[in-house]
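The next block holds one structure in the form of structure tokens; read it before the comments.
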Amino acid sequence: MSKPKTPQAIRGTQDIFGPDAEAFVFVVETFERVRKLYRFRRVEMPVFERTEVFARSIGETTDIVSKEMYTFDDRGGESLTLRPEFTAGIARAFLTNGWQQHAPLKAATHGPVFRYERPQKGRYRQFHQIDAEIIGAAEPQADVELLAMADQVIRELGIEGITLHLNTLGDADTRDAWRAALVEYFGAVRGELSEDSQERLDKNPLRILDSKDPRDRKFVAEAPKIDAFLSDDAQRFFDAVTRGLDAAGVKWQRAESLVRGLDYYRHTAFEFIPDEGTAAADALGSQSTILGGGRYDGLMASLGGPATPAVGWAAGIERLAMLVGERGEIEADAVVVLEDDSRMGRAIATVKKLREAGWKTELFAHGSPRKRFDKARKVPAHVLVTFPVTDDKVSTRVMGDGGEVHTAIESLVQFD
RNA sequence: GCGAUCGUAGCUCAGUUGGUUAGAGCGCCGGUUUGUGGUACCGGAGGUCGCGGGUUCGAACCCCGUCGAUCGCCCCA
């Protein structure tokens, strides 16, 4: 009989522990706190949906649907997909549960999402996002509130050197006209573009604008700008958003090349990106966007619902956690050392009392008396309680700036 | 999907002109010293050198494949 092999973790998944885990929950807890300040309602969504929920909203033709989703048939033969994002699922729930009655609905959630991609820095196949959406609000003030909340989350996380990059994609007509102009412009120099961009010209021409290839960059600089195609309504909308951001004190900069790949996006598109040369930019490598989103007025209709304006964003928890700095392990208020097992019951009762009184408490009751004591001493705690092996008393010491002060356990917690 | 680098004890890593029983620190377990005690010392457990082939008298070290990790490209909802 050979020894059974230990299974490996699935590629692109991660086991989070210690300081990384503490940073992770710090991000989630900060998000939860800020989301309540803006009165976003918490929603919980299924981790998987019918494949069509994502396929129809994202668009059947893209690589995303054909190559980058975790799709499988369940035992009934139905095609299901692990959620690659929150937005489509929330939109589906909005329609199937009649959440229209709550419109405009401010919804927030967080949890795991799944994308079948090559793992690299800050990029995993199962990763986690925080997410915020405002559904059923057509007015630019919704965009402003949503962005103000995002800005506050980042600031309360203590992350420095992040700038909101903001653009407008205009309404549907604006977008189509701009796209046609770009295709014409880049088509004229097709042979001089990178191979990738020649392909983008056919599949997703807007994406040429954020190509990193120097052969493309020089043409991008001179490419037609969206502003020339904005309708009056679209321009007014964008102006209202920027004025609102200024009033809210949210710093932003115009990013004329910032686009969204999917057709359902309208008007506002944005990403929060670390400034060049900052610690945050170095920490993230090529995965630089820490929060992104936009207005998706076209999504609901693609799911068979009534035209419903909406705007939202999502941010990767792991990427944010990389930027929040070291979060210490949980501290202890008290450590309890049982030097001899004969008084195990009393020690268990004591730690229970301390914990019920709100003390973060650890009991050391394994190994030699010396090892127990030494381990306890390595934990920074305010109170050290020992049940010595040599006498019958409980020793309680309070550690402070002025050294150790002995006191009675009864002065800390009451026993019946 | 493409490219580069890497893969040695639980963790961090040493280990080349390929040559006998593969090392350290930390951690873990046991013990000694000290002795109201966060120290020091001694000892122990733990590795088919990611996995599978190949070259060679002989491979952790060279070659191929594979899996995984890391970084970049593509993609980015």
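Throughout, a chain's letter reflects where its sequence line sits, starting with A, and its residues are numbered from 1.
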Please report the distance, rounded to the nearest Å, between [atom1] in [X] and [atom2] in [N].
{"X": "A:Asn204", "N": "B:C76", "atom1": "CG", "atom2": "C1'", "result": "10 Å"}
{"X": "A:Met69", "N": "B:C76", "atom1": "CE", "atom2": "C1'", "result": "14 Å"}
{"X": "A:Leu206", "N": "B:A77", "atom1": "CG", "atom2": "C1'", "result": "15 Å"}
{"X": "A:Arg370", "N": "B:C29", "atom1": "CZ", "atom2": "P", "result": "15 Å"}
{"X": "A:Ile208", "N": "B:C75", "atom1": "CD1", "atom2": "P", "result": "10 Å"}
{"X": "A:Glu85", "N": "B:C75", "atom1": "CD", "atom2": "P", "result": "18 Å"}
{"X": "A:Lys67", "N": "B:C2", "atom1": "NZ", "atom2": "P", "result": "11 Å"}
{"X": "A:Asp374", "N": "B:C41", "atom1": "CG", "atom2": "C1'", "result": "14 Å"}

[N] versus [M] - spacing of their [atom1] atoms, nearest Å:
{"N": "B:G3", "M": "B:A77", "atom1": "C1'", "result": "26 Å"}
{"N": "B:A22", "M": "B:U16", "atom1": "C1'", "result": "15 Å"}
{"N": "B:G68", "M": "B:G23", "atom1": "P", "result": "32 Å"}
{"N": "B:G27", "M": "B:U66", "atom1": "C1'", "result": "33 Å"}
{"N": "B:C74", "M": "B:G15", "atom1": "C1'", "result": "39 Å"}
{"N": "B:G50", "M": "B:G43", "atom1": "C1'", "result": "32 Å"}
{"N": "B:G52", "M": "B:A14", "atom1": "P", "result": "24 Å"}
{"N": "B:C63", "M": "B:G25", "atom1": "C1'", "result": "34 Å"}

Can you check whether A:Lys371 has a side-chain N or O nearer than 4.0 Å to OP1 or OP2 of B:U39?
->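 No, no such contact exists.
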Donor on one side chain, acceptor on other, [X] and [Y], under 3.5 Å:
{"X": "A:His267", "Y": "A:Arg175", "result": "no"}
{"X": "A:Asp210", "Y": "A:Ser257", "result": "no"}
{"X": "A:Asp340", "Y": "A:Ser342", "result": "yes"}
{"X": "A:Glu271", "Y": "A:Thr289", "result": "yes"}

Do side-chain atoms of [X] reach the backbone of [Y] as a donor and acceptor pair under 3.5 angstrom?
{"X": "A:Lys225", "Y": "A:Ala223", "result": "yes"}
{"X": "A:Arg217", "Y": "A:Ser211", "result": "yes"}
{"X": "A:Arg115", "Y": "A:Glu68", "result": "no"}

5'-most by nearest nucleotide on RNA chain B - A:Lys375 or A:Glu117 |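 Result: A:Lys375.
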With respect to A:Leu354, which candidate in A:Asp333, A:Leu363, A:Val336 satisfies the side-chain contact (heavy atoms from CB on, under 4.5 Å) definition?
->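 Only match with A:Leu354 under side-chain contact (heavy atoms from CB on, under 4.5 Å): A:Val336.
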Charged N to carboxylate O under 4.0 angstrom, A:Arg215 versus A:Glu195?
->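 Yes, A:Arg215 and A:Glu195 are salt-bridged.
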Nucleotide N/O to protein N/O under 3.5 Å, stretch nucleotides 69-74 of chain B:
| unit_1 | atom_1 | unit_2 | atom_2 | d |
| --- | --- | --- | --- | --- |
| B:A69 | OP1 | A:Gly12 | N | 3.2 |
| B:A69 | OP2 | A:Arg11 | NE | 2.8 |
| B:C71 | OP2 | A:Lys121 | N | 2.7 |
| B:G72 | OP1 | A:Ser286 | N | 2.7 |
| B:C73 | OP1 | A:Lys212 | NZ | 2.8 |
| B:C73 | OP2 | A:Ser286 | OG | 3.0 |
| B:C74 | OP1 | A:Arg200 | NH2 | 3.4 |
| B:C74 | N4 | A:Arg123 | NH1 | 2.5 |

Taking Watson-Crick and G-U wobble contacts under 3.5 angstrom, with | marking pairs to another strand and [ ] crossing pairs, the secondary structure of RNA chain B is written (((((((..((((.....[...)))).(((((.......))))).....(((((..]....))))))))))))....
Could I get the full list of ring-ring contact (aromatic ring centres under 6.0 Å, His included) partners for A:Phe72, not counting sequence neighbours?
->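 For A:Phe72 there are no ring-ring contact (aromatic ring centres under 6.0 Å, His included) partners, ignoring immediate neighbours.
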Centroid distance under 5.5 Å and plane angle under 30°, A:Phe373 vs B:G37 =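 By the stated criterion, A:Phe373 and B:G37 stack.
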Scan A:Tyr116 against the nucleic acid and name what it touches under 4.0 Å (heavy atoms): base, sugar-phosphate only, or nothing.
->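 No contact.
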